[in-house]
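Counting begins at 1 with the first residue of the sequence. Side chains are part of it too, since the values below use all heavy atoms of this structure and drop only hydrogens, waters and symmetry mates.
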Amino acid sequence: MTKIFIINGGQKFGHSGGKFNETIAQETLNFFQNNSDFEIRTTDVNHEYNPAEEVEKYVWADVVIYHTPIWWFQLPHGFKKYIDVVFTEGYDKGIYKSDGRSSKNPAVNYGTGGTLQGRKYMLTTSWNAPKEAFTLPGEFFSQKSVDEGVMFGFHRMNAFTGMTPLESMHFHDVEKNADVPRDLELYKEHLTKLFLN
(Lines give C-alpha, C1' and ligand atoms only; values in the text may rest on other atoms or scores of the structure.)
Protein backbone atom coordinates (compact mmCIF):
# COMPACT_ATOMS: atom_id res chain seq x y z
CA MET A 1 0.00 0.00 0.00
CA THR A 2 1.37 3.42 -1.01
CA LYS A 3 1.20 6.09 1.68
CA ILE A 4 0.26 9.55 0.36
CA PHE A 5 0.61 12.78 2.36
CA ILE A 6 -1.36 15.67 0.80
CA ILE A 7 -0.53 19.25 1.84
CA ASN A 8 -2.83 22.12 0.90
CA GLY A 9 -0.61 25.21 0.98
CA GLY A 10 -3.33 27.43 -0.51
CA GLN A 11 -3.82 30.26 1.95
CA LYS A 12 -6.87 32.34 2.76
CA PHE A 13 -5.51 35.89 2.83
CA GLY A 14 -6.34 39.25 1.28
CA HIS A 15 -8.39 38.76 -1.86
CA SER A 16 -7.52 35.05 -2.03
CA GLY A 17 -9.99 32.58 -0.61
CA GLY A 18 -7.66 29.68 -1.36
CA LYS A 19 -10.48 27.96 -3.27
CA PHE A 20 -8.55 26.72 -6.29
CA ASN A 21 -5.90 24.91 -4.25
CA GLU A 22 -8.60 23.66 -1.89
CA THR A 23 -10.37 22.17 -4.93
CA ILE A 24 -7.19 20.58 -6.29
CA ALA A 25 -6.31 19.16 -2.84
CA GLN A 26 -9.82 17.72 -2.53
CA GLU A 27 -9.55 16.21 -6.01
CA THR A 28 -6.28 14.58 -4.94
CA LEU A 29 -7.92 13.14 -1.84
CA ASN A 30 -10.87 11.83 -3.89
CA PHE A 31 -8.54 10.21 -6.44
CA PHE A 32 -6.62 8.23 -3.83
CA GLN A 33 -9.63 7.43 -1.63
CA ASN A 34 -11.22 5.67 -4.59
CA ASN A 35 -8.36 3.16 -4.75
CA SER A 36 -7.66 0.69 -1.94
CA ASP A 37 -3.94 0.56 -2.83
CA PHE A 38 -3.39 3.94 -1.14
CA GLU A 39 -3.43 5.21 2.42
CA ILE A 40 -3.82 8.97 2.89
CA ARG A 41 -3.02 11.66 5.43
CA THR A 42 -3.63 15.36 4.89
CA THR A 43 -2.73 18.81 6.17
CA ASP A 44 -4.23 22.22 5.41
CA VAL A 45 -1.91 25.06 6.41
CA ASN A 46 -4.95 27.24 7.21
CA HIS A 47 -5.69 25.03 10.23
CA GLU A 48 -3.70 24.58 13.41
CA TYR A 49 -1.10 21.83 13.26
CA ASN A 50 1.31 20.14 15.63
CA PRO A 51 4.86 20.32 14.17
CA ALA A 52 5.88 16.94 15.63
CA GLU A 53 2.83 15.29 14.08
CA GLU A 54 3.64 16.91 10.73
CA VAL A 55 7.18 15.52 10.89
CA GLU A 56 5.68 12.11 11.56
CA LYS A 57 3.55 12.45 8.40
CA TYR A 58 6.65 13.16 6.30
CA VAL A 59 8.46 10.18 7.78
CA TRP A 60 5.37 7.97 7.29
CA ALA A 61 4.72 8.95 3.65
CA ASP A 62 5.96 7.28 0.49
CA VAL A 63 4.85 10.35 -1.52
CA VAL A 64 4.25 13.93 -0.40
CA ILE A 65 1.94 15.95 -2.65
CA TYR A 66 2.21 19.72 -2.33
CA HIS A 67 -0.47 22.13 -3.57
CA THR A 68 0.39 25.81 -3.52
CA PRO A 69 -0.48 29.08 -5.20
CA ILE A 70 2.41 31.35 -6.09
CA TRP A 71 2.22 34.82 -4.57
CA TRP A 72 4.75 37.39 -5.69
CA PHE A 73 6.84 34.57 -7.19
CA GLN A 74 7.11 32.72 -3.89
CA LEU A 75 5.14 30.47 -1.56
CA PRO A 76 2.38 32.13 0.49
CA HIS A 77 3.67 33.15 3.92
CA GLY A 78 1.50 30.60 5.77
CA PHE A 79 2.90 27.71 3.73
CA LYS A 80 6.46 29.04 4.06
CA LYS A 81 5.98 29.25 7.84
CA TYR A 82 4.68 25.66 7.86
CA ILE A 83 7.84 24.47 6.09
CA ASP A 84 10.14 26.51 8.34
CA VAL A 85 8.47 25.23 11.51
CA VAL A 86 8.03 21.59 10.45
CA PHE A 87 11.45 21.14 8.86
CA THR A 88 13.13 22.73 11.89
CA GLU A 89 11.18 20.31 14.10
CA GLY A 90 12.31 17.49 11.79
CA TYR A 91 16.00 17.97 12.56
CA ASP A 92 17.32 14.60 13.78
CA LYS A 93 13.73 13.30 13.86
CA GLY A 94 13.46 11.94 10.35
CA ILE A 95 13.63 14.85 7.89
CA TYR A 96 17.35 15.64 8.06
CA LYS A 97 20.28 15.05 10.38
CA SER A 98 22.80 17.55 9.00
CA ASP A 99 23.68 19.47 5.86
CA GLY A 100 25.76 16.45 4.81
CA ARG A 101 29.24 17.96 5.12
CA SER A 102 32.03 16.87 7.42
CA SER A 103 34.40 19.18 9.28
CA LYS A 104 37.32 17.42 7.58
CA ASN A 105 36.16 18.49 4.11
CA PRO A 106 33.47 21.17 4.46
CA ALA A 107 33.55 22.17 0.78
CA VAL A 108 31.75 19.04 -0.50
CA ASN A 109 28.60 16.98 0.06
CA TYR A 110 26.41 19.92 1.03
CA GLY A 111 22.75 18.93 0.87
CA THR A 112 23.27 15.20 1.46
CA GLY A 113 22.19 14.98 5.11
CA GLY A 114 18.51 14.38 4.50
CA THR A 115 16.86 11.27 5.91
CA LEU A 116 13.84 10.95 3.60
CA GLN A 117 15.64 8.89 0.95
CA GLY A 118 13.37 6.59 -1.01
CA ARG A 119 10.44 8.98 -0.75
CA LYS A 120 9.06 11.04 -3.59
CA TYR A 121 7.15 14.30 -3.84
CA MET A 122 4.92 15.95 -6.39
CA LEU A 123 4.27 19.67 -6.72
CA THR A 124 1.29 21.55 -8.13
CA THR A 125 1.31 25.32 -8.38
CA SER A 126 -1.33 27.82 -9.45
CA TRP A 127 -0.59 31.13 -11.13
CA ASN A 128 -2.23 34.27 -12.38
CA ALA A 129 0.51 34.26 -15.04
CA PRO A 130 -0.38 32.54 -18.33
CA LYS A 131 1.81 29.62 -19.41
CA GLU A 132 3.09 31.73 -22.31
CA ALA A 133 4.83 34.01 -19.79
CA PHE A 134 7.23 31.09 -19.28
CA THR A 135 7.58 29.88 -22.86
CA LEU A 136 7.56 32.79 -25.33
CA PRO A 137 10.71 34.78 -26.17
CA GLY A 138 10.67 38.23 -24.58
CA GLU A 139 8.00 37.33 -22.04
CA PHE A 140 8.36 37.84 -18.29
CA PHE A 141 10.07 34.61 -17.16
CA SER A 142 12.73 34.59 -19.92
CA GLN A 143 11.70 31.13 -21.15
CA LYS A 144 12.54 29.50 -17.82
CA SER A 145 10.05 26.85 -16.74
CA VAL A 146 8.30 27.03 -13.38
CA ASP A 147 10.48 24.18 -12.07
CA GLU A 148 13.77 25.60 -13.36
CA GLY A 149 12.97 29.16 -12.36
CA VAL A 150 10.68 30.31 -9.56
CA MET A 151 10.37 26.85 -7.94
CA PHE A 152 14.04 25.86 -8.24
CA GLY A 153 14.66 26.56 -4.54
CA PHE A 154 11.58 24.58 -3.53
CA HIS A 155 12.87 21.57 -5.46
CA ARG A 156 16.33 21.90 -3.89
CA MET A 157 14.67 22.10 -0.44
CA ASN A 158 13.07 18.72 -1.06
CA ALA A 159 16.32 17.30 -2.43
CA PHE A 160 17.99 18.43 0.81
CA THR A 161 15.64 16.09 2.71
CA GLY A 162 16.52 13.19 0.40
CA MET A 163 13.25 13.14 -1.54
CA THR A 164 13.11 12.87 -5.34
CA PRO A 165 10.56 14.61 -7.59
CA LEU A 166 7.70 13.23 -9.58
CA GLU A 167 6.55 15.31 -12.56
CA SER A 168 5.03 18.61 -11.42
CA MET A 169 1.80 20.12 -12.69
CA HIS A 170 1.27 23.85 -12.97
CA PHE A 171 -2.05 25.65 -13.45
CA HIS A 172 -1.87 28.98 -15.24
CA ASP A 173 -4.08 32.03 -15.67
CA VAL A 174 -6.41 30.95 -12.85
CA GLU A 175 -7.50 34.49 -11.98
CA LYS A 176 -8.34 35.96 -15.38
CA ASN A 177 -9.03 32.84 -17.46
CA ALA A 178 -9.86 29.98 -15.11
CA ASP A 179 -11.23 26.78 -16.63
CA VAL A 180 -11.53 24.61 -13.53
CA PRO A 181 -13.37 21.65 -15.16
CA ARG A 182 -10.63 21.42 -17.82
CA ASP A 183 -7.88 21.73 -15.20
CA LEU A 184 -9.44 19.00 -13.06
CA GLU A 185 -9.62 16.64 -16.02
CA LEU A 186 -5.99 17.31 -16.93
CA TYR A 187 -5.01 16.83 -13.31
CA LYS A 188 -6.82 13.48 -13.03
CA GLU A 189 -4.98 12.35 -16.16
CA HIS A 190 -1.70 13.46 -14.55
CA LEU A 191 -2.40 11.48 -11.36
CA THR A 192 -3.47 8.43 -13.34
CA LYS A 193 -0.26 8.52 -15.38
CA LEU A 194 1.95 8.86 -12.29
CA PHE A 195 0.19 6.55 -9.85
CA LEU A 196 -1.96 4.03 -11.73
CA ASN A 197 -0.11 3.34 -15.02
Side-chain angles (χ1 to χ4, degrees), residues 2-11 13 21 25 28 39 41-127 129 133-135 140-170 190 194-195:
T2 304
K3 295 175 281 192
I4 306 287
F5 176 28
I6 302 164
I7 302 173
N8 176 14
Q11 191 175 341
F13 176 79
N21 282 274
T28 308
E39 191 177 346
R41 294 186 186 173
T42 64
T43 290
D44 183 328
V45 301
N46 294 284
H47 304 148
E48 282 191 35
Y49 50 84
N50 178 311
E53 289 174 7
E54 298 305 300
V55 170
E56 191 180 298
K57 290 177 187 177
Y58 271 91
V59 173
W60 166 86
D62 297 310
V63 180
V64 177
I65 299 179
Y66 297 105
H67 299 294
T68 185
I70 302 302
W71 291 1
W72 292 107
F73 318 112
Q74 301 176 54
L75 301 181
H77 60 272
F79 187 24
K80 178 62 167 72
K81 178 182 177 185
Y82 170 88
I83 289 168
D84 289 345
V85 169
V86 172
F87 280 34
T88 299
E89 178 72 23
Y91 170 68
D92 218 16
K93 295 177 185 169
I95 292 182
Y96 73 104
K97 65 179 185 299
S98 72
D99 69 9
R101 298 178 295 161
S102 73
S103 56
K104 291 181 181 170
N105 193 356
V108 298
N109 294 322
Y110 179 81
T112 60
T115 48
L116 293 176
Q117 285 84 7
R119 288 142 178 110
K120 299 183 185 308
Y121 71 95
M122 188 191 89
L123 170 66
T124 76
T125 64
S126 57
W127 295 78
F134 298 88
T135 60
F140 190 76
F141 292 100
S142 303
Q143 294 180 276
K144 283 205 181 338
S145 73
V146 172
D147 295 302
E148 296 167 323
V150 173
M151 299 310 290
F152 178 79
F154 185 86
H155 287 297
R156 296 323 298 156
M157 172 198 82
N158 282 282
F160 191 96
T161 72
M163 290 195 285
T164 56
L166 296 169
E167 183 184 350
S168 301
M169 183 158 190
H170 308 294
H190 183 75
L194 291 184
F195 294 98

Verdict with supporting geometry, Thr135 and Gln143, side chain to side chain contact (heavy atoms under 4.5 Å, CB included): CA-CA 5 Å; Thr135 60; Gln143 294 180 276; 5.9 Å; no

For Lys144 and Val150, run side chain to side chain contact (heavy atoms under 4.5 Å, CB included): C-alpha distance rounded to whole Å, both residues' side-chain angles, the deciding distance at 0.1 Å, then the answer. CA-CA 8 Å; Lys144 283 205 181 338; Val150 173; over 6 Å; no

Show, in sequence, the C-alpha distance, side-chain angles and deciding distance for Asn46 and Phe13, and conclude whether the side chain to side chain contact (heavy atoms under 4.5 Å, CB included) test is met. CA-CA 10 Å; Asn46 294 284; Phe13 176 79; over 6 Å; no

Let's go through Met157 and Ile83 carefully: what are the C-alpha distance in whole Å and the side-chain angles of both, what is the deciding distance for side chain to side chain contact (heavy atoms under 4.5 Å, CB included) to 0.1 Å, and is it a yes or a no? CA-CA 10 Å; Met157 172 198 82; Ile83 289 168; 3.4 Å; yes

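When every heavy atom of Val55 is checked against every heavy atom of Val86, the shortest pair comes out as CG2-O, 3.4 Å. Closest approach of Lys57 to Phe5, counting heavy atoms only: CD-CE1, 3.4 Å. Scanning all heavy atoms of the two residues, the minimum distance from Asn21 to Ser126 falls at ND2-OG, 2.9 Å. For Pro69 against Gly9, the heavy-atom pair with the smallest separation is CD-O, 3.7 Å.
Between Val64 and Met163 there is a side-chain heavy-atom pair separated by less than 4.5 Å. Taking 4.5 Å as the limit, some side-chain heavy atom of Leu123 sits within range of a side-chain heavy atom of His170. Between Thr124 and Thr68, every side-chain heavy-atom pair lies at or beyond the 4.5 Å cut-off. Side-chain contact between Tyr96 and Thr161 is absent, with no heavy-atom pair separated by less than 4.5 Å. Counting heavy atoms from C-beta on, the side chains of Thr42 and Asn8 never come closer than 4.5 Å. When side chains are defined from C-beta on, Thr125 counts as touching Met151, because their heavy atoms get closer than 4.5 Å. At a threshold of 4.5 Å between non-hydrogen side-chain atoms, the residues Thr28 and His67 count as touching. Between Leu116 and Ile95 the shortest side-chain heavy-atom distance falls below 4.5 Å.
Not a single ring pair (Phe, Tyr, Trp, His ring centres under 6.0 Å) links Phe152 to another residue, sequence neighbours left out. Partners of Ser102 by side chain to side chain contact (heavy atoms under 4.5 Å, CB included), not counting sequence neighbours, listed by chain and number: Lys104, Asn105. Ser98 is linked by a side chain to side chain contact (heavy atoms under 4.5 Å, CB included) to nothing, counting only residues two or more places apart in sequence or in another chain. Residues satisfying the salt bridge (charged side-chain N to carboxylate O under 4.0 Å, His left out) test with Glu89, not counting sequence neighbours, are Lys93. Applying the salt bridge (charged side-chain N to carboxylate O under 4.0 Å, His left out) rule to Lys120 yields no partners; only residues at least two apart in sequence or on another chain are considered. The salt bridge (charged side-chain N to carboxylate O under 4.0 Å, His left out) search around Glu167 returns Lys193, not counting sequence neighbours. Glu148 pairs by the side chain to side chain contact (heavy atoms under 4.5 Å, CB included) definition with Ser145, not counting sequence neighbours. Not counting sequence neighbours, the partners of Asp92 by the side chain to side chain contact (heavy atoms under 4.5 Å, CB included) test are Lys97. The salt bridge (charged side-chain N to carboxylate O under 4.0 Å, His left out) search around Asp62 returns none, not counting sequence neighbours. Residues forming a ring pair (Phe, Tyr, Trp, His ring centres under 6.0 Å) with Phe141 (at least two apart in sequence, or on another chain): Phe73, Trp127, Phe134.
A donor-acceptor contact shorter than 3.5 Å is absent between the side chain of Gln117 and the backbone of Gly162.
With rounding to the nearest 0.5 Å, the separation of CZ in Phe154 from CG in Leu75 is 6.0 Å. Between the CZ atom of Phe79 and the CD atom of Gln11 there is a distance of 10.5 Å, given to the nearest 0.5 Å.
Applying the side-chain hydrogen bond (donor to acceptor under 3.5 Å, both in side chains) definition to pairs two or more places apart or across chains, those involving residues 151-160 are Tyr66-Asn158, Tyr121-His155, Asp147-His155.
With Phe87 as the fixed residue, the ring pair (Phe, Tyr, Trp, His ring centres under 6.0 Å) test singles out one of Tyr58, Tyr82, Phe160: Tyr58.
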Only pairs under 3.5 Å count here: list side-chain donor-acceptor contacts from residues 106-113, not counting sequence neighbours, and write none if there are none.
{"unit_1": "Thr112", "atom_1": "OG1", "unit_2": "Asn109", "atom_2": "O", "d": "2.6"}

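Atom NZ of Lys80 has 12 or fewer heavy atoms from other residues, nucleotides or ligands within 6.0 Å.
The closest side-chain donor-acceptor pair between Glu54 and Thr43 falls under 3.5 angstrom.
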